[in-house]
Structure formats: structure tokens, C-alpha cells
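In what follows, a single structure is set out as C-alpha cells and then discussed.
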Amino acid sequence: MPEGHTIHRLARDHHRDFAGERLTVSSPQGRFVDGAKLLTGRTLKSVEAHGKHLFYNWSAGKTLHVHLGLYGKFRLHRPPIPEPRGQVRLRVVGSEKAFDLNGPNTCRVITAKERAAVQARLGADPLRDDGDFEQVWSRIGSSRAAIGTLLLNQSVIAGVGNIYRSEVLHLLGIHPETPGQSLDRQQINSLWSELKALLEIGVKYNRIIIAEPSEIGKPRSRMNRDERLLVYKQPVCSRCDTEIEDWLLGGRRVFACPKCQLR
DNA sequence: TTGATTGTTACCGG
DNA sequence: TCCGGTAACAATCA
């Protein structure tokens, strides 16, 4: 479900909806009981996103680390709060709203040291102010691995997932199997700035919207739901009508136009 | 019931 | 050390 845009939006919304008040934290299915005990009755101070990771900073210096993985999902509630649906790992209840967390890859209370270790393994995040292009350039420009694999590696760029990797490479006409070190600085710079722009659009509209450069700025009707992805799971190329190819790269299905994205 | 999935980690071998 | 491949884990839905 989530790439970086979803996570940053969640951080923003959860901060808006829950920060500053005493919260009740529980673990309806009995998992994460110790963590829930540590947090309940405390105040949420801030919520921060780095790539696909969420860090909830609570009073008394506690940090809740959440990673949704493939299946993780938040459900937002208003009173009356419904019965838990499925395996609810974490339930947070405030005065106006509540949320449940199902199926996360990670949900745990961590120390400042553990948090630093998590973030040390994450690369630059295009949605963060501290996202550093020089770090991205040095990682990609010196690697023999395929750019399609590097874009999924969260220690290279944090927040890109399987949809954005295919879409950004298609927009820039780069073949996914191209080794990172055979891209020039200009191309890597374009990758970085394009990802930043795409992710910001994703945060704004709460879904992934890929527009052809020629479509940007045109009336909304040109950007309807059918046009939001240009290669990912598409039958033909939006530019040249050639059949889209797909294969496994880095353990995930990648999509590319054989004509617009030459090796 | 089967297959697929907007993810990550650990481990092994080259 | 880098890099690719595989398995394991998480949960839901068509």
C-alpha cells in the first residue's frame, strides 16, 4: 500500500489529529501489550516521517516506530469507535478521533539510540528538508547495480516504492537495467528532482498521479483517474503506443517501454 | 482456494 | 564488499 507520499501524509494528519492531548493506547488482540502500556495516558508531541518509516514522539521521551510494510493499514475513527476489525495491533483513542493499526511490518517502542540506528540505514528522502542530493549522487554514480534495483534500496533514496520507480524511469527515458555508474550527474539530478516533484503531488492528492510533462499545468480534466499512471501495469506506452514489457528486477515486477527506454 | 500485492530483513553464494 | 537470489513475515481482496 504505501510509498513515501502516503507515510508523510499520515505523519502530517496524525500530528494534526492527535498531538497535544492525553491518549489512550491499547492492543486489542493482545500483541504489543507492553508498548501500549508504556504509551497510554501520555501525550503525543510530534510525528515524523523518514521514507516509509514513522516516528511518533511521545511525552517522557518515548518513541513509537511504525513501518507498514506491504499490508499495514491505519483506519481512522470518530466516536462511537467500532469493534476492532481484523488483527488490530494498536488502537489510539483521543477525545475527537481514534485510529487502529492493522498488519504493520513494525510497531514498537524504541530508544533514541535505536531510532538513530534505523535512520542511519535510510538514504536521502526527497520529501524531507534534509534530503541531500550529493549523498544520492555518490551512491548511484558509483554503483554497478541496476538503477531499477537501486531505486528500491531505501538506503539510497528513502520513500520510493515499486510504482514510482517504474514511473520515474519511464518519464526520464532510462532503462531500468542501466547500471547506476553509467548514468551521468545530470540524469541522476533529474531523477532526484523528478521524484521530489512526484512525491509532493502524491502527498497533496493522496494518490500517485503521473502526468506527462506536456500535460502539467493543463486543466484538471486532463489528469483524470485513468491517466494517473503511465507505465506501471499499463498495456501500452502512453507516448508511443508500444507494448509495455514487465519482468522481475530486485525481486519486484518492473514495467518499461522498450522503445522510449533504451538500454 | 489461489494468486497477487505501493515492503523489508536475513542469509547464502559468487 | 558488492550484488543477486531466496525465503520468511505481515494481511487483505478479487
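Keep in mind it's a predicted model, so treat the numbers as computed, not measured. To find a chain, count down the sequence lines: A is the first, B the second, and so on, and within it residues start at 1.
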Would you mind listing every ring pair (Phe, Tyr, Trp, His ring centres under 6.0 Å) that reaches into residues 137-158 of chain A, with sequence neighbours excluded? none
May I have all residue pairs that pass ring pair (Phe, Tyr, Trp, His ring centres under 6.0 Å) and include part of residues 146-174 of chain A, sequence neighbours excluded? A/H5-A/Y164
A/D129: partners by salt bridge (charged side-chain N to carboxylate O under 4.0 Å, His left out), with sequence neighbours left out: none
Taking only residues two or more places apart in sequence, or in another chain, which ones meet A/E200 in a salt bridge (charged side-chain N to carboxylate O under 4.0 Å, His left out)? none
May I ask you to say what A/K52 touches in the nucleic acid, namely base, sugar-phosphate or nothing, with a heavy-atom cut-off under 4.0 Å? sugar-phosphate
Indicate, with a heavy-atom threshold strictly under 4.0 Å, whether A/R165 touches base, sugar-phosphate, or nothing. nothing
Check DNA chain C against residues 99-114 of chain A and give the residues with a non-hydrogen atom under 4.0 Å, in numerical order. A/N102, A/G103
Which of residues 145-164 of chain A have a heavy atom under 4.0 Å from DNA chain C? A/A145, A/A146, A/T149
Just jot down the ring pair (Phe, Tyr, Trp, His ring centres under 6.0 Å) partners of [X], sequence neighbours excluded, or say none.
X      : answer
A/F255 : A/Y232
A/F99  : A/H14, A/F18, A/F74
A/H67  : A/H53

Given B/dA4, is OP1 or OP2 found less than 4.0 Å from the side-chain N or O atoms of A/R253? no
Output the rounded distance in Å from [atom1] ([X]) to [atom2] ([N]).
X      : N      : atom1 : atom2 : value
A/R139 : C/dT1  : CZ    : P     : 13 Å
A/R121 : B/dA10 : CZ    : P     : 7 Å
A/R89  : C/dC9  : CZ    : C1'   : 10 Å
A/Q87  : C/dA11 : CD    : P     : 6 Å
A/I208 : B/dT5  : CD1   : P     : 14 Å
A/L248 : C/dA7  : CG    : P     : 13 Å
A/Y71  : B/dG3  : OH    : P     : 15 Å
A/R252 : B/dG3  : CZ    : C1'   : 15 Å

Are A/E21 and A/K97 close enough for a salt bridge, meaning some N to O gap below 4.0 Å? no
According to side chain to side chain donor-acceptor pair (under 3.5 Å), who are the partners of A/R42, at least two apart in sequence or on a separate chain? none
Fellow cluster residues of A/L249, listed by chain then number, with links counted only when side-chain atoms sit under 4.5 Å apart: A/W247, A/V254
Side chain of A/R144 (C-beta onward), nearest among C/dC13, B/dT5, C/dC3: C/dC3
So CD1 of A/I208 and CG of A/L229: to nearest 0.5 Å the spacing works out to 6.5 Å
Whichever of A/K233 and A/H67 has the more 5' nearest nucleotide on DNA chain B, that residue is A/K233
Does NZ or CZ of A/R115 lie under 6.0 Å from the centre of the six-membered ring of A/F55, at an angle within 45° of the ring axis? yes
Based on Watson-Crick and G-U pairs with both distances under 3.5 Å, what dot-bracket line describes DNA chain C 5' to 3', crossing pairs as [ ] and inter-strand pairs as |? .||||||||.||||
